[in-house]
Amino acid sequence: MRHLVGSVPQTCPGPSSHLSPLSSAGRQNYDLLVIGGGSGGLACAKEAAQLGKKVAVVDYVEPSPRGTRWGLGGTCVNVGCIPKKLMHQAALLGGMVRDAPHYGWALQPVPHDWTTMAEAVQNHVKSLNWGHRVQLQDRKVTYFNIKASFVDAHMVCGVSKGGKETLLSAEHIVIATGGRPRYPTHIEGALEYGITSDDLFWLKESPGKTLVVGASYVALECAGFLTGLGLDTTVMIRSIPLRGFDQQMSSLVTEYMASQGTRFLRGCTPSRVQRLPDGQLQVTWEDPSSGKEDTGTFNTVLWAIGRIPETRSLNLEKAGVHTSPTSQKILVDAQETTSVPHIYAIGDVAEGRPELTPTAIMAGKLLAQRLCGQSSDVMDYENVPTTVFTPLEYGCVGLSEEEAVARHGEEHVEVYHAYYKPLEFTVAERDASQCYIKVWGLLCTGDADSGHPPHLR
Ligand code: FAD
Ligand code: NDP
């Protein structure tokens, strides 16, 4: 293995310089360099270090356009699963306070205090940032807080917040740089006045009356907890909610949200955002079906219209790593290998992978085990279960009914439906009309010779 790191040479080569990482002897060597200290990167680095490899992780958070920044741990820890789940829990507690008198607790509903919740959530996230740093130290993984880009296929240049440059190289490099929320930059005022999930969880003050644009996981989860915390919340859907999910189930999710007070504007797309003299945001939108324009005023506009992979600043072309021309995600094979045999990509930045933390973690661990010769197992991305943390949580695994029918034909798919009433809904007299279970099975034709009737597979 031949690697160089740190002080020699001190600065990153300019675009025209040629510097071979393999020409410098006697320098500190790393077996594995991981770019990105999020779910996948940290899991991969820790596993490889535990298996005896010399590992470095570089992680750097580019502040959001609104200036929000955070620590080590990536999207899930700082601006994803963790703060989302805690704010979802805060909203669910509001429902429990309303249920409490039925159970004998003489509680009066009180207004929710955003500042208290946000401070508690943010403190917990900061403790996780610290925990990740300690774990890296314990496992002897070297951590660099630098923004990395490729110099060539074996060498990476990192720049710190203060502008200090560091060169690192390794025999194996794992790219786990995740993604960031997308802004609709074509919409006037979108970047200037809107925020994204990168900002929402770090707001010190309540966002107030909020327009959430988008209709998938992030949009519906955020709108769900904002409504649950007592905020006037509207979701603007341009097409259908939860594309790719079973559409009957996704209707139940949005019906329940509407019953809890979330407003929905369907088939609409925003065309501009303007700040009014009183500080409120006036949003203009179009309804293509009627061809009409409409406006509304909000305190906050939250863009939740998808995410962009963090490949733009990596200089992947210098390493020869190929990306998808449509998604800009890194093309990988089943072994997570990119177009360059010693460079790998895992998690949200890799093409065709679910954008979920458990799959990024598992992919990272398995990759480390293969690189250390401990296993030949590859990640199985089929049938990954997922939950949408809307006020009525929706969990699913496998194909939606629509996909099952498309793949196997209507005559072969048998669908079972059932309503259920959670026990805790009964005493509190909650409406359970959206509590629903749906399972489909593949119907096999009977075998006349053996006397087997048609049955489910
Ligand atoms: P990330 O966790 O995004 O980590 C990438 C890291 O690399 C970041 O720290 C980034 O700053 C850093 N980086 C980027 N470029 C560079 C560079 N050039 N140099 C150095 N460092 C760099 N998933 C679930 O499974 N369950 C959930 O409930 C859930 N909720 C979510 C809620 C929200 C609001 C969002 C946005 C996402 C949620 N997700 C959830 C998805 C989950 O967060 C991601 O799938 C997961 O974090 C991806 O991990 P990753 O390692 O690929 O990337
Ligand atoms: P998605 O890419 O899943 O969805 C984007 C949404 O925005 C769609 O509803 C899309 O509508 C809409 N949209 C896109 N462009 C526009 C536009 N210009 N104007 C209006 N609407 C637009 O993104 P998310 O950010 O919601 O989620 C990203 C990923 O993060 C998810 O796929 C998931 O894997 C992960 N995640 C997981 C969670 C969990 O596990 N609980 C929670 C949150 C995120 P259309 O359908 O019309 O294209």
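Ligands are counted one by one from 1 in listed order, and the atoms in each one are counted from 1 as well. Everything quoted here is computed from the prediction, not taken from an experiment.
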Smallest separation among heavy atoms of Asp59 and Gly38, with atom names | OD1-N, 4.5 Å
Disulfide bond (SG atoms under 2.5 Å apart) partners for Cys76, two or more places apart = Cys81
Neighbour count >12 (heavy atoms, 6.0 Å) for atom CE, Met362 | no
With a cut-off of 4.0 Å, which atoms of ligand 1 are near a heavy atom of Ile146?
-> 19 (N), 20 (C)
Where do Arg370 and Met379 come nearest, in terms of heavy atoms and distance?
-> NH1-N, 4.3 Å
Pick from Cys76, Cys81, Ala176: the one approaching atom 5 (C) of ligand 1 most closely through a non-hydrogen atom | Ala176
Output field: ring centroids Phe298/Tyr193 closer than 6.0 Å | no
For Leu42 and ligand 1, answer yes if some heavy atom of the residue is under 4.0 Å from a ligand atom, otherwise no.
-> no
Does an N or O from Glu355, backbone or side chain, lie closer than 3.5 Å to an N or O of ligand 1?
-> yes
Does Arg307 reach ligand 1, in the sense of a heavy atom lying below 4.0 Å from it?
-> yes
Does the N or O separation between Glu62 and ligand 1 drop below 3.5 Å for any pair?
-> no
Mind checking what makes salt bridge (charged side-chain N to carboxylate O under 4.0 Å, His left out) contact with Arg312, not counting sequence neighbours?
-> Glu310
Compute the shortest N/O to N/O distance between Asp348 and ligand 1 and return yes if it is under 3.5 Å, no if not.
-> yes
Who gets closest to atom 18 (N) of ligand 1 by heavy atom: Ala148, Cys222, Gly179, Gly41?
-> Ala148
So which residues, sorted by chain and number, lie with a heavy atom under 4.0 Å of ligand 2?
-> Lys84, Arg182, Val213, Gly214, Ala215, Ser216, Tyr217, Val218, Glu221, Arg238, Ser239, Arg243, Ala304, Ile305, Gly306, Arg307, Glu355, Leu356, Thr386, Thr387, Phe389
Heteroatom proximity flag, Asp59 to ligand 1, N/O under 3.5 Å | yes
Contact check, Asp198 vs ligand 1, heavy-atom distance below 4.0 Å | no
Do ligand 1 and Tyr60 have nitrogen or oxygen atoms that lie under 3.5 Å from each other?
-> yes
Those residues at least two apart in sequence (or on a different chain) that pass side-chain contact (heavy atoms from CB on, under 4.5 Å) with Asp380 are Glu382
For Lys365, does the NZ atom sit with more than 12 other heavy atoms under 6.0 Å from it, leaving out its own atoms?
-> no
Taking distance alone, with no angle check, do Gly80 and ligand 1 share an N/O pair under 3.5 Å?
-> no
Does a side-chain N-to-carboxylate-O contact under 4.0 Å join Glu336 and Arg353?
-> yes
Using only heavy-atom distances, determine whether the side chains of Tyr30 and Thr142 contain a donor-acceptor pair under 3.5 Å.
-> yes
